[in-house]
Amino acid sequence: RGLGDVYKRQAVIVPARGAAEALEHTVRTLESERYASGGFSRIIIADCGMDEDAQRVAQLLCRESFDVTVCPQGDLARQFD
């Protein structure tokens with residue numbers, strides 16, 4: 001595997017459920033940390049049963065940053081294929 005494969009596999013998973021009140025703060029803090037020190041390439045928001053408002057926030061975060069994604073909790077393994 002090349003360096004691109006290694007980079008693809010480095011991710012932070014943020015589990016989110018219910019209203020996920022801290023989701024935006026958590027993702028933005030991780031983005032700042034990533035740019036300051038590196039160490040991981042992607043932020044994956046794991047939808048563990050977010051309500052509609054939290055899903056909207058997650059989708060906005062994904063649109064703002066190409067390296068933030070959201071996926072159902074059961075599909076996490078596919079993010080590393």
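All of these numbers come straight from a predicted model, not from anything done at the bench.
Partners of D75 according to the side chain to side chain donor-acceptor pair (under 3.5 Å) rule, which considers only residues two or more places apart in sequence or in another chain, are R78. Q59 pairs by the side-chain contact (heavy atoms from CB on, under 4.5 Å) definition with R63, V70, not counting sequence neighbours. Scanning for side chain to side chain donor-acceptor pair (under 3.5 Å) contacts around S65 gives E31, D67, with sequence neighbours left out.
When all heavy atoms are compared, the tightest approach of I44 to L76 is CG2-CD2, 3.7 Å.
At distances below 3.5 Å, at least one donor-acceptor pair connects side-chain atoms of Q55 with backbone N or O atoms of M50.
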Counting only pairs under 3.5 Å, give me each side-chain donor-acceptor contact of residues 12-27, with atom names and distances, residues two or more places apart or in other chains.
residue: E24; atom: OE2; partner: R28; partner atom: NE; Å: 3.1
residue: E24; atom: OE2; partner: R28; partner atom: NH2; Å: 3.2
residue: T26; atom: OG1; partner: A22; partner atom: O; Å: 2.8

